[in-house]
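The structure is given below, and queries will be raised subsequently.
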Amino acid sequence: MRLLGIDTSSSNTAGAAFLPSGKTKAVWLWDTTKISTNTGRNEIIQFARKKQITLIYLQVISSVPKNAYRAFIRSSASSGIQIHALDGAPDWILPNQLIRISSLVNWVKTYNNSVTVNEQFAGIQVDIEPYLLPEWYQDQETAITNWLEALTLLAQGTQDTTLIISSALPFWVDQIIVPATQSTFIESVFQLMNNVTLMSYRDQAQTVVDISDNKLVLADSLGKRVFVALETNPTSEGLYLTFYDDGQAIMDNHMAEIDHLLSIHPSYAGIAVHDYNGWRNLKP
C-alpha cells in the first residue's frame, strides 16, 4: 500500500515497525499490576521491542511493590526503553485535590533517590482531562485556572530534578483561553512543560495531521516537543476516533503517513498510542 508515495506494504513494515523518521514511539500503560511478575514484565518488554516502542508512560500505584518498579525500569533500560511515571484524574484540578500533584512528584523523587540510575523514572506525565467534570460546564474559567495551577505545581516541584515533564492534552487545547492572560491554554502549558502529548484521536492520517498541525507550528517557535496520539480501544464516541475496528496493519500504515507529514516540524517528537492493552489486542 502506498500513502503519499511511501511504501507501507506489509513486506516493508513487518517485524521492523520503526517510524520512518526514527522518531519515538510511546505507549500508555495504565494496568500497573502487570509489572508485578516476571512474566508480566517480560511480556510488556517483548511487545515494546517488537513494536519498537522506546517510551512507556507507566501509571504509578503505591500498592505495587517498589521492587517491581525497580525490576521493570531496569529491564526496560537494558532494552533502550524510557519509563515515565504517569497519573492523573479530572478531579485533580479541584482545590482539595491539588495535593495529588505534589504527592505524585514527591513519590517519584523519593523513589528515584532510593534506586540506581538505571532504575529511575526519566520523567512524569499527567493526564488530568478536567473537561470531563461537571465543573467544567458550571464555571469553566475557574476550571481552566485550576488546571493551569495543577500543571504549575508539577513544573515547580520538579525544578530541582532532571525529570522530563509533560501533559496529555486534547487536540482542541488551542481553543481554551486562560482568563488571567487571555493567551491560549496551550501557550501557557508550553511555558511549563518540556513536551505535550496531543490526544489527536482519529483513524485517518490526514485528519490527525490537520487537527494537530497548528500546535506543532507553535511548538516549533517555542522550542518545545509534541507527540501526537492514537487510540486503539473501543469508544462510544464513534469509530472514527479509534483503530480498534481497523487493526494493526492499517494503524501501522497511517502511523507511517502521519510520521512523514509531521516530520517537517522540528517540534514533532513521535507518536504515542493509547494504550498498551488496546494495542496488544488489536487484530492483525
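Note that this is a predicted model, so its numbers are computed, not measured.
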Neighbour count >12 (heavy atoms, 6.0 Å) for atom OH, Tyr244
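At most 12 heavy atoms, drawn from other residues, nucleotides or ligands, come within 6.0 Å of this atom.
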
Between Asp91 and Gln97, do the side chains contain an N or O donor and an N or O acceptor separated by less than 3.5 Å?
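Absent: no donor and acceptor within the cut-off.
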
Taking only residues at least two apart or on different chains, which pairs with a member in residues 163-176 satisfy salt bridge (Lys or Arg N to Asp or Glu O under 4.0 Å)?
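Checked against salt bridge (Lys or Arg N to Asp or Glu O under 4.0 Å) - neighbours excluded - the pairs reaching residues 163-176 are Asp174-Lys215.
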
What are the two closest heavy atoms between Leu230 and Phe243, and how far apart are they?
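So the two residues come closest at CD1-CE1, 3.9 Å.
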
Between Gln248 and Asp252, do the side chains contain a donor N or O and an acceptor N or O under 3.5 Å apart?
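Result is yes, a qualifying pair exists.
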
Can you confirm whether the side chains of Trp279 and His274 place a donor and an acceptor under 3.5 Å from each other?
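Looking only at side-chain atoms, His274 and Trp279 do not form any donor-acceptor pair under 3.5 Å.
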
Search all heavy atoms of Asn146 against all heavy atoms of Pro95 and return the closest pair with its distance.
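Answer, listing the atom of Asn146 first, then Pro95: ND2-CD, 4.1 Å.
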
Taking side chain to side chain contact (heavy atoms under 4.5 Å, CB included) as the definition, give me every residue that meets it alongside Ser21, ordered by chain and number, with sequence neighbours left out.
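With neighbours one apart ignored, the set is Leu19, Lys23, Asp259, Ser263, Tyr268.
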
Taking His254 for its side chain and Ala205 for its backbone only, find out whether a donor-acceptor pair lies under 3.5 Å.
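Yes, the answer is positive, given that a donor and an acceptor are paired below the 3.5 Å cut-off.
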
Any residue meeting side chain to side chain contact (heavy atoms under 4.5 Å, CB included) with Thr235, in chain and number order, not counting sequence neighbours:
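Side chain to side chain contact (heavy atoms under 4.5 Å, CB included) list for Thr235, sorted by chain: Glu237, Leu241, Thr242.
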
How close do Ala272 and Thr197 get, heavy atom to heavy atom, and via which atoms?
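That would be CB-CG2, 4.0 Å.
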
Listing request: all salt bridge (Lys or Arg N to Asp or Glu O under 4.0 Å) pairs with a residue in residues 135-157, at least two apart in sequence or in separate chains.
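Residue pairs passing salt bridge (Lys or Arg N to Asp or Glu O under 4.0 Å), neighbours aside: none found.
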
Any Lys/Arg nitrogen of Asp160 or Lys109 sitting under 4.0 Å from an Asp/Glu carboxylate oxygen of the other?
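Judged by the 4.0 Å cut-off on N to carboxylate O distance, Asp160 and Lys109 do form a salt bridge.
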
Checking Thr116 against Glu119: is there a side-chain donor and acceptor pair closer than 3.5 Å?
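Distance-only check passes for Glu119 and Thr116.
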
Partners passing ring pair (Phe, Tyr, Trp, His ring centres under 6.0 Å) against Tyr131 (at least two apart in sequence or in another chain):
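By the ring pair (Phe, Tyr, Trp, His ring centres under 6.0 Å) rule, Tyr131 matches Trp172.
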
Would you list the pairs meeting salt bridge (Lys or Arg N to Asp or Glu O under 4.0 Å) in which at least one residue belongs to residues 33-42, sequence neighbours left out?
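Qualifying pairs, neighbours excluded: Asp31-Lys34.
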
